[in-house]
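Below is one structure, written out as structure tokens; comments come after it.
Reminder, nothing fancy here: chain letters follow the sequence lines and each chain counts from 1.
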Amino acid sequence: MANLLWLQGGACSGNTMSFLNAEEPSACDLVTDFGINVLWHPSLGMELGDNLQQMLRDCISGKIKLDIFVFEGTVVQAPDGTGEWNRFAGRPMKDWVRELSDVADFVVGLGDCATWGGIPATAPNPTDSVGLQFLKRDHGGFLGKGFTSKAGLPVINVPGCPCHPDWVTQILVGVATGHAGDLTLDEFQRPKTFFQSFTQTGCTRNMHFAYKVSATEFGQRKGCLFYDLGCRGPMTHSPCNRILWNRQSSKTRAGMPCMGCTEPEFPFFDLAPGTVFKTQTVMGVPKDLPEGVDKKGYVKLTGAAKAAAPEWAEQDIFVV
Amino acid sequence: MSEARVSSEQQAADKALLEHLESRLAGGLEPEIEPRAYSHEEVLEVVGRLQKLDSNDYDAKLVVGGFTLEPYGVGEDEQACDTCMYYQVHREFCELPELMLPVGPKWSCRLWRI
């Protein structure tokens with residue numbers, strides 16, 4: 001039996017909603033099949049008031065063993081570093097986060113806000129929000145660069161806005177069943193099993209990407225969304241087209257550009273007008289090219305791809 | 001959005017229109033070749049003007065789009081239609097929603113994007 005505690009800071013509850021929709025395994029499976037004891041969760045917890053405070057104190061004192069501490073949302077530090085703008089159970093949430101992180105075997109940051117600040121930490125960041133161990137790309141965050149949980153791992157970051165439900169439950173099962181040692185993390189402490197490949201990996205529009213055929217409207221079935229509509233699939237690490245959403249689809253499959261929500265810079269360009277759903281260019285060339293590709297290579301590739309494009313690539317092949 | 005296949009009638013219409021547009025450009029029409037629409041604001045400005053045009057006002061589309069019969073730029077910076085993302089190679093057609101007109105592979109316009 002592994003005790004799991006889930007708290008929520010500067011958050012929209014999106015990751016909670018996602019978690020509750022998990023299927024493989026489901027949130028219930030975690031309890032019935034994988035021996036996870038949910039001590040408390042913002043949407044599932046039974047304890048209130050003094051009872052909840054006592055439970056949290058018992059975790060900190062060691063009376064209750066805390067195996068997995070899950071945090072969703074940013075750590076709010078405003079005003080003036082006090083954290084008073086996000087009080088929980090009688091004190092600033094940030095104080096609970098610090099003390100619970102110190103006693104947990106594993107700390108898991110869920111969603112962009114907990115991992116690197118996400119939308120709340122976007123300039124001007126009025127809540128002085130940070131992620132658990134990152135602020136955007138800067139290593140450190142609330143717990144500090146050198147933080148490791150009692151099991152010796154840094155915060156396990158599962159980003160996304162929200163993160164996919166199965167990324168959450170599969171990581172929790174892995175940790176709870178003693179397989180944390182099998183996890184390899186990337187430079188942003190994301191499990192490589194999910195975040196080594198790209199959103200583009202498995203995208204149904206890859207043939208249009210290859211032949212440089214652009215989608216020009218949302219929802220259009222033909223064409224790649226990277227060239228004009230701001231899709232960040234070729235630069236974003238996520239398995240969105242390998243582990244489908246609702247077992248059915250993904251943003252790009254449905255004709256919506258990937259917004260790169262598993263990367264530290266999300267939301268890109270601080271959401272400045274004209275930067276959302278529009279590929280940013282410098283003299284007509286995308287500002288952000290597919291990972292590992294330079295401008296010279298991209299220009300050459302485009303010329304060759306356009307010249308080689310078969311006629312069908314320019315037509316709508318998804319006819320009824 | 002393009003049809004599953006371009007009909008022979010459409011191909012003939014495209015060809016006739018292409019020849020007409022070419023003659024207009026060669027015959028002294030003065031497109032706004034510069035400034036190029038490199039920034040987002042510049043793109044919005046040009047596209048906004050195109051959106052106000054009648055869809056059959058091809059002269060105005062050529063002028064506002066800044067079309068030329070030769071590529072703009074040279075070498076690595078060449079901006080020819082046949083490398084633009086909006087260009088359909090086989091139909092020789094620009095499918096930018098605000099333009100939607102037949103163009104030659106070595107033409108160019110100031111909304112070129114790769």
### Query
Quick check: are there more than 12 heavy atoms from other residues, nucleotides or ligands sitting under 6.0 Å from CD of B:Glu30?
no

### Query
Using non-hydrogen atoms only, which part of A:Lys300 is less than 4.5 Å away from chain B: side chain, backbone, both, or neither?
neither

### Task
Could you look at B:Gln79 and say if it's the side chain, the backbone, both or neither that has a heavy atom under 4.5 Å from chain A?
side chain

### Message
Using a 3.5 Å distance criterion without hydrogens, assess whether the side chain of A:Lys306 forms a donor-acceptor pair with backbone atoms of B:Val89.
### Response
no

### Query
Heavy atoms under 4.5 Å from chain B: which residues of residues 223-243 of chain A carry them?
A:Tyr227, A:Asp228

### Message
I need the contact set between residues 194-216 of chain A and chain B: heavy-atom distance under 4.5 Å, sorted by residue number.
### Response
A:Lys212, A:Ser214, A:Thr216

### Query
Could you name the residues of residues 280-294 of chain A that have a heavy atom within less than 4.5 Å of a heavy atom in chain B?
A:Thr281, A:Met283, A:Gly284, A:Val285, A:Pro286

### Message
Counting only non-hydrogen atoms closer than 4.5 Å, can you tell me which residues of residues 253-278 of chain A sit against chain B?
### Response
A:Pro273, A:Gly274, A:Lys278

### Query
Within a radius of less than 6.0 Å around NZ of A:Lys295, do more than 12 heavy atoms belonging to other residues, nucleotides or ligands occur?
yes

### Message
What's the separation between atom CD1 in B:Ile114 and atom CG in A:Leu301, rounded to the nearest 0.5 Å?
### Response
9.0 Å

### Query
Are the side chain of B:His90 and the backbone N or O of A:Ala309 linked by a donor-acceptor pair below 3.5 Å?
yes

### Summary
Of B:Trp112, B:Tyr38, B:Phe93, the largest count of non-hydrogen pairs under 4.5 angstrom with chain A goes to B:Tyr38

